[in-house]
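In what follows, a structure is listed as structure tokens, so that the remarks can point back to it.
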Amino acid sequence: MTKYKIQTALAAGLFLLAGCADEYKSDYQTDMPADVALANYLGSFDVLKAYAGSMHLGAETPMAVLNSHNTAYSQLLTNFTEVQPTDAFTHAATVSAQGDIDSTRAVDAMAEAGNAQLSVVGGALSSPLSTQASYMSNVTADTYVPGGTKEGAFKLVDFNDMALGTKIAGSGGAPAEVVKDPNGEKGQVLHYTAAFNHCFVDIQLPKGMTLGDLKEGFCDYMLLSTGWVPASVVKVVVNGASVEGSATNAVGQGIVKGQWGVYHFNFDGIQEKLSDDQKAATSFKLGIGDVCSNPNYYIGAITLKGSYLADGHYEPRPMAEKRADALKAMDKYLKTVVGGYGDKVKTWILAADYLAGEGQQGQLLTSKDDSNHYYINEYLGDDFVVDLAKMAKGYQSDAALFYSDNNLERDATKLTNLQAMVKEWNDKGAGLTGVNAEVHLRYNAGQLAANKQGIDNMLKALAATGLKVRLSGLDMVAVDNDGSVIPTKQLTGEELKAMADYYDYVIKQYIALVPEKQRQGISFSAYNADGSHVGLWTNAFNRVATYAGVAEGLQGTTVTWPSK
């Protein structure tokens, strides 16, 4: 017996075990009576795919269902013609945070789908909601310069930043004053004339550097007269304590009277005297200069040098370089997924969930709108779909590529943006086959008329693209007037029937408003009840009233509920 025959027989057995298209039993704790008439009505329908005609009728489910060979597997095979594995091909499911690519998890599931004659929809290949953001952020990141111990020279005092006439205290109380350079070279400088004293300046060290990191310093220096010079001083006052070292006097350093030179000093004689607390200081007073009997000297900008602990930081990279790296990363991924499974998957959701909606700027979303996800269009530009499509077609020339987005029935701005962008992408060579609307229905009796109008508007706009039109993610919850989901156990029988009628309306309108040649099909998610979503079946695989709405909608007939 061939593998396919074995699986077909197994599926048939499981189908019978599940109650031949799931005899109706209510698992909902509602006031709806589980009467025989309603059970018979629901049991009178054939399996859903019997009503689909040429349309694809899909289910969105994890790969585990395809590999399970249990009742859920039987339900999938007997009711649907297409499957979209939710965890097979997305970027996040295939690419690791380190950039390793592995799509082999899908091998068995794709073999099962092929044996069961289920067509497969793959994707979404690029979506901010399912991108391995950590890896792609690294791919397009600026260049990281690591932190650590560095050597640096910092101009920490520049008298040009101070007001003329500013007084700065000296060691003996006599102040120095900020004046204009008499030689006209340095702008503003500090002038000091107090005998046997020296000036002090306030020092604030840069981030990461402490007093203990300082090794040496220098400043612009000019002397006009000195008299007797007993010493040249370098001194720090930190936490109220004064610690002094020594330096070679200006003349000894080759500074010529009346000319600007560079006065050097170091902290060797100071560092050995500092306590650990003093070394940890980031601000202090610095005293420098010749101590002499007849001083008349000028000090210019002061620079200190030393080792310091620098934080890591990023240096910008050219956008063209980031674009090239993003394309390279995506090409590698598409080669693995599309190139590896193109013989089994003919339809792909190429890109999804990039369109801006009401209250947002531009036609496409970016990280400015949503900082929690990665937007590749920020690096590839608005025509990113064209780039992705050409790469995908390079690995599978006959691939049918769709663009998909959500909330189109409730957001007119997003719907308009979809029409404009899809046309622009195809005009530039994307070759998109179709558009996909992810439709998660929200039932509220008071909002039903507006919601139906939104469905009509969406379907008309999608059909106007001239492309294939697909509805995906089709499921339903009931919401109160504040938009909060109502648990299914609280729903009445009449509410369940009204939700079935809503399903019936949506499917009939899809058939009525989308020309037959453009109807790609409909795909369901959360089709088994989960406490929030009403489903088409209970979690025990028994049909719910909504099953009738879908079955009647596919046939174009009217739901006629049996009388009690």
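Counting begins at 1 with the first residue of the sequence.
Aromatic ring orientation, Tyr375 versus Tyr354: perpendicular (interplanar angle above 60°, classes split at 30° and 60°). Ring planes of Phe89 and Trp348: perpendicular class, angle over 60° (limits at 30 and 60°). The aromatic rings of Phe265 and Phe267 sit perpendicular to each other, their planes meeting at more than 60°, with 30° as the lower class boundary.
Annotation for Pro85 and Ala88: closest pair CB-CB, 3.6 Å, computed over non-hydrogen atoms. For Tyr443 against Met476, the heavy-atom pair with the smallest separation is CB-SD, 4.0 Å. Among all heavy-atom pairs drawn from Ala310 and Lys150, the shortest one is CB-CG, 3.6 Å. Heavy atoms only, all atoms of each residue included: Asp181 and Glu185 are closest at OD2-N, 2.6 Å. Residues Pro230 and Cys292 approach most closely at CD-CA, 4.0 Å, considering heavy atoms. Heavy-atom minimum distance, Ala93 versus Asp87: CB-O, 3.8 Å.
Between the Asn417 side chain and the Ala356 main chain, a donor and an acceptor come within less than 3.5 Å of each other. Without hydrogens or angle criteria, Arg410 side chain to Gly454 main chain gives no donor-acceptor distance under 3.5 Å. In terms of modelled atom types and a separation under 3.5 Å, the side chain of Asn197 and the main chain of Gly170 share no donor-acceptor contact. Distance alone, capped at 3.5 Å, is enough to place a donor-acceptor pair between the Ser525 side chain and the Gly473 backbone. Thr94 places a side-chain N or O within 3.5 Å of a backbone atom of Thr90 that can act as its donor or acceptor partner. A donor-acceptor pair is defined here as one N or O able to donate and one able to accept, closer than 3.5 Å; no such pair exists between the side chain of Ser367 and the backbone of Asp370. Between the side chain of Gln396 and the backbone N or O of Lys393 there is no donor-acceptor pair closer than 3.5 Å. Arg105 places no side-chain N or O within donor-acceptor distance of the main-chain N or O of Met63, the cut-off being under 3.5 Å. Judged purely by atom type and a 3.5 angstrom limit, Asn528 has no side-chain atom pairing as donor or acceptor with the backbone of Asn539. Asp213 places a side-chain N or O within 3.5 Å of a backbone atom of Thr210 that can act as its donor or acceptor partner.
Heavy atoms from other residues, nucleotides or ligands lying under 6.0 Å from NZ of Lys368 number 12 at most. Surrounding CD of Gln204 are more than 12 heavy atoms belonging to other residues, nucleotides or ligands, all under 6.0 Å away. Around atom NZ of Lys328, no more than 12 heavy atoms belonging to other residues, nucleotides or ligands sit under 6.0 Å away. Within a 6.0 Å sphere centred on CG of Asp161, heavy atoms belonging to other residues, nucleotides or ligands number more than 12.
Taking the charged nitrogens against the carboxylate oxygens, Arg323 and Asp387 do have a contact shorter than 4.0 Å, which makes a salt bridge. With respect to the salt-bridge test (charged N to carboxylate O, under 4.0 angstrom), the residues Lys215 and Glu151 qualify. With respect to the salt-bridge test (charged N to carboxylate O, under 4.0 angstrom), the residues Lys335 and Asp331 do not qualify. The residues Asp142 and Lys322 are annotated as salt-bridged, a charged nitrogen and a carboxylate oxygen being separated by less than 4.0 angstrom. Using a 4.0 Å cut-off between a side-chain N of Lys or Arg and a carboxylate O of Asp or Glu, Asp325 and Arg317 qualify as a salt bridge.
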Mind running ring-ring contact (aromatic ring centres under 6.0 Å, His included) on Phe154 and Tyr308 for me, showing each step along the way? CA-CA 11 Å; Phe154 300 90; Tyr308 63 99; 5.2 Å; yes
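With contacts defined as side-chain heavy-atom distances shorter than 4.5 Å, the pair Asn266/Val234 does not qualify. Side-chain contact check for Met458 versus Leu471: some heavy-atom pair is nearer than 4.5 Å. A heavy-atom distance below 4.5 Å is found between the side chains of Asp382 and Leu364. At least one side-chain heavy atom of Phe159 sits less than 4.5 Å from a side-chain heavy atom of Val201. Using a 4.5 Å heavy-atom threshold, the side chains of Thr282 and Leu211 count as separate. By the 4.5 Å heavy-atom criterion applied to side chains, Leu432 and Val385 are counted as neighbours. For the pair Val189 and Val179, the minimum side-chain heavy-atom distance is below 4.5 Å. Put simply, the side chain of Gln271 reaches to within 4.5 Å of the side chain of Lys279, judged on heavy atoms.
A distance of 4.0 Å separates CD1 of Ile349 from CG of Asn436, quoted to the nearest 0.5 Å. Separation of atoms NE2 (His264) and OG (Ser232) is listed at 12.5 Å; rounding is to 0.5 Å. Taken to the nearest 0.5 Å, the CD atom of Gln132 stands 8.0 Å off from the CD atom of Gln98. With values rounded to the nearest 0.5 angstrom, Cys219 atom SG is found 10.0 Å from Leu190 atom CG. Here the CG atom belonging to Leu223 is positioned 10.0 Å from the CH2 atom belonging to Trp260, to the nearest 0.5 angstrom. Going from atom OH of Tyr192 over to atom CD1 of Ile299 covers 9.5 Å, rounded to the nearest 0.5 Å.
Proximity of the aromatic rings of Tyr403 and Trp425 is defined here by a centroid distance below 6.0 angstrom, and this criterion is met. In summary, the aromatic rings of Tyr379 and Phe384 are positioned with their centroids too far apart to meet the 6.0 Å limit. Taking the six-membered ring for Trp and the full ring otherwise, the centers of His198 and Phe200 sit less than 6.0 Å from each other.
Donor-acceptor pairing under 3.5 Å is recorded for the side chains of Asn160 and Asp158. The closest side-chain donor-acceptor pair between Asp353 and His373, if any, does not fall under 3.5 angstrom. In summary, the side chains of Ser523 and Glu60 do present a donor paired with an acceptor at a separation below 3.5 Å, with no hydrogens or angles considered. In this structure, a donor-acceptor pair under 3.5 Å is absent between the side chains of Asp277 and Ser275.
In this view, Asn481 and Asn444 satisfy the side chain to side chain donor-acceptor pair (under 3.5 Å) rule, not counting sequence neighbours.
Among pairs with a residue in residues 216-231, none fulfils side chain to side chain donor-acceptor pair (under 3.5 Å), at least two apart in sequence or across chains.
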